[in-house]
Peer 1: 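Got a structure for you, written out below as structure tokens; questions coming shortly.
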2 protein chains.
Amino acid sequence: MTRSRSKYDSGCPVAYALDIFGDRWSLLVIRDMAVKGARTYGELLAGWEGISTNILAQRLKQLEQAGIITKQKDPDSGRSFVYELTQKGRDLAPVLIEIALWSGRYNPDPDAMTGFLDKITADRTGTEARMRAGERP
Amino acid sequence: MTRSRSKYDSGCPVAYALDIFGDRWSLLVIRDMAVKGARTYGELLAGWEGISTNILAQRLKQLEQAGIITKQKDPDSGRSFVYELTQKGRDLAPVLIEIALWSGRYNPDPDAMTGFLDKITADRTGTEARMRAGERP
DNA sequence: TTAATCACTTGCAAAACGCAAGCAATTAGG
DNA sequence: CCTAATTGCTTGCGTTTTGCAAGTGATTAA
């Protein structure tokens, strides 16, 4: 069969990207992995926002299919798997960073600052480089 | 009444942003305005991907409430309105740019290049500055 | 003064989502 | 060993969101 394209794909690069992570949860999963270093199903499930388990399973499959993450057996535990960002996934760091910087500028809630925003404000280039290199946070 | 917060708001800056444009269509509407200069309901409806009219109306209301766009009567025509990005909306330019650059790197479809990607590849800083200034494309 | 046009709204079927419960494969404890 | 807990999901089902089509009201062009 031919390579299927989403019904939304218009040839626009923004639309291509939104086909992959343009929903409520995908970018939050990527954020949990890129910023918080989450690597297992359980860690992702216990994220800040509370994704439901069936949606998480579905998103992980989609992200794996899209080449954003990989899934491997945990060598140290027969019952758990390790999810990791690929280079393609880690290269979303600048997107996460720009989104966070924008929110930092416009979110009126002073409590909304997190370590991530502090980090990129202090050293954007270094943080981005470390994220792209896949360094654990 | 107190200022309501979305059920997804976790204090994370990425989640704050996704509350506003973390869905299938909002960023595409913003792109049509920021990149293509769309300013009327009809222009937005005729966008590349074919948003349906009820969803467009709903998203425009949400984006207006979030302070991303404004809606004014067209002084030259009693039956049409002019939608414009606010500074908050225009400041999403770096987000759109990083998304497009990422897609340019990873979209295997060689037809997927658009004028926008060409522009930011040739002169990212200038294009970003012009978008933030609200210059018509 | 009749017909288009513009900016929506409404109705309804289909798809996606959210919650809770269940389940199979490990592994830790006794 | 046997049992219980943990991990990583899947299944059912009611609710919400989306997509398509048709309709509406206020201009405005012919």
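Just so it is clear: chains get the letters A, B, ... in the order the sequence lines come, proteins before strands, and each one is counted from 1. Model, not experiment: these values are computed from the prediction. Side chains are part of it too, since the values below use all heavy atoms of this structure and drop only hydrogens, waters and symmetry mates.
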Peer 1: Can you measure A/Arg24 atom CZ to D/dT16 atom C1' for me and round it to whole angstrom units?
Peer 2: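 One finds 15 Å between C1' of D/dT16 and CZ of A/Arg24, rounded.
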
Peer 1: Quick one: which protein N/O atoms are closer than 3.5 Å to N/O atoms of nucleotides 1-5 of chain C? Pair and distance per line, please.
Peer 2:
from, atom 1, to, atom 2, distance (Å)
C/dT5, O2, B/Arg79, NH1, 2.7

Peer 1: Over all strands shown, is B/Lys71 touching base, sugar-phosphate only, or nothing at heavy-atom distances under 4.0 angstrom?
Peer 2: sugar-phosphate

Peer 1: Side-chain N or O of A/Tyr83 versus OP1/OP2 of D/dC9: is the shortest distance under 4.0 Å?
Peer 2: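 For A/Tyr83, the contact criterion (side-chain N or O under 4.0 Å from OP1 or OP2 of D/dC9) is met.
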
Peer 1: Taking only residues two or more places apart in sequence, or in another chain, which ones meet A/Ala66 in a side chain to side chain contact (heavy atoms under 4.5 Å, CB included)?
Peer 2: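 A/Ile20, A/Ile68.
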
Peer 1: Can you sort out the partners of A/Arg79 under side-chain hydrogen bond (donor to acceptor under 3.5 Å, both in side chains), two or more places apart, ordered by chain and number?
Peer 2: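 Checked A/Arg79 against side-chain hydrogen bond (donor to acceptor under 3.5 Å, both in side chains); zero matches.
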
Peer 1: In whole angstrom, what separates A/Ile51's CD1 from D/dG8's P?
Peer 2: 15 Å

Peer 1: Could you give the CG-to-P distance, from B/Asp74 to D/dA26, as a whole number of Å?
Peer 2: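 Distance, rounded to whole Å: 19 Å.
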
Peer 1: Write down the distance between CD (B/Glu49) and P (D/dG19), rounded to a whole number of angstrom.
Peer 2: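 Value for this atom pair: 12 Å.
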
Peer 1: Nearest whole Å is fine: how far is D/dG8 C1' from A/Ile69 CD1?
Peer 2: 14 Å

Peer 1: Please confirm whether the backbone N or O of A/Gly67 pairs with a side-chain atom of A/Thr86, one donor and one acceptor, at under 3.5 Å?
Peer 2: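 Confirmed, A/Thr86 side chain pairs with A/Gly67 backbone.
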
Peer 1: Would you kindly give the CG-to-C1' distance between A/Asp23 and C/dA15, to the nearest whole Å?
Peer 2: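 A/Asp23 atom CG is separated from C/dA15 atom C1' by 14 Å.
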
Peer 1: A/Thr40: which residues meet the side-chain hydrogen bond (donor to acceptor under 3.5 Å, both in side chains) condition with it, sequence neighbours left out?
Peer 2: none

Peer 1: Please list all pairs meeting ring-ring contact (aromatic ring centres under 6.0 Å, His included) that have one or both residues in residues 56-104 of chain B, counting only residues at least two apart or in different chains.
Peer 2: A/Phe21-B/Trp102, B/Trp102-B/Tyr106

Peer 1: List in numerical order all residues of residues 52-65 of chain A for which some heavy atom is under 4.0 Å away from an atom belonging to DNA chain C.
Peer 2: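 Within this stretch, A/Ser52, A/Thr53, A/Asn54, A/Ile55, A/Gln58, A/Arg59 sit under 4.0 Å of the strand.
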
Peer 1: Tell me whether the side-chain N/O atoms of A/Tyr41 come closer than 4.0 Å to OP1 or OP2 in D/dT10.
Peer 2: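 No, A/Tyr41 has no side-chain N/O under 4.0 Å of OP1/OP2 on D/dT10.
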
Peer 1: Grab the CG-P distance between A/Leu45 and C/dA21 for me, whole Å please.
Peer 2: 16 Å

Peer 1: Determine which pairs satisfy ring-ring contact (aromatic ring centres under 6.0 Å, His included) with at least one residue from residues 34-67 of chain B, sequence neighbours left out, and list them in order.
Peer 2: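 Output for this query is empty, none listed.
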
Peer 1: Could you list all the side chain to side chain donor-acceptor pair (under 3.5 Å) pairs where at least one residue sits in residues 55-65 of chain A, not counting sequence neighbours?
Peer 2: A/Asp23-A/Arg59

Peer 1: Taking CG from B/Leu44 and P from C/dC8, how many angstroms apart are they, rounded to a whole number?
Peer 2: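 So the two atoms are 10 Å apart, to the nearest Å.
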
Peer 1: Side chain of A/Phe81, heavy atoms from C-beta onward: which of C/dC8, D/dC9, C/dC6 has the nearest atom to it?
Peer 2: D/dC9

Peer 1: Between B/Glu98 and B/Arg124, does any NZ, NE, NH1 or NH2 come within less than 4.0 Å of an OD or OE carboxylate oxygen?
Peer 2: yes

Peer 1: Is any side-chain N or O of A/Trp25 closer than 4.0 Å to OP1 or OP2 of C/dC17?
Peer 2: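 No, because none of the side-chain N or O atoms of A/Trp25 sits under 4.0 Å from OP1 or OP2 of C/dC17.
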
Peer 1: Where each residue is assigned the nucleotide of DNA chain C containing its nearest heavy atom, which of A/Gly78 and B/Ser80 is assigned the position nearer the 5′ end?
Peer 2: B/Ser80

Peer 1: Salt bridge (charged side-chain N to carboxylate O under 4.0 Å, His left out) with B/Glu84: which residues, sequence neighbours excluded?
Peer 2: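 For B/Glu84, the residues satisfying salt bridge (charged side-chain N to carboxylate O under 4.0 Å, His left out) (neighbours in sequence not counted) are B/Arg39.
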
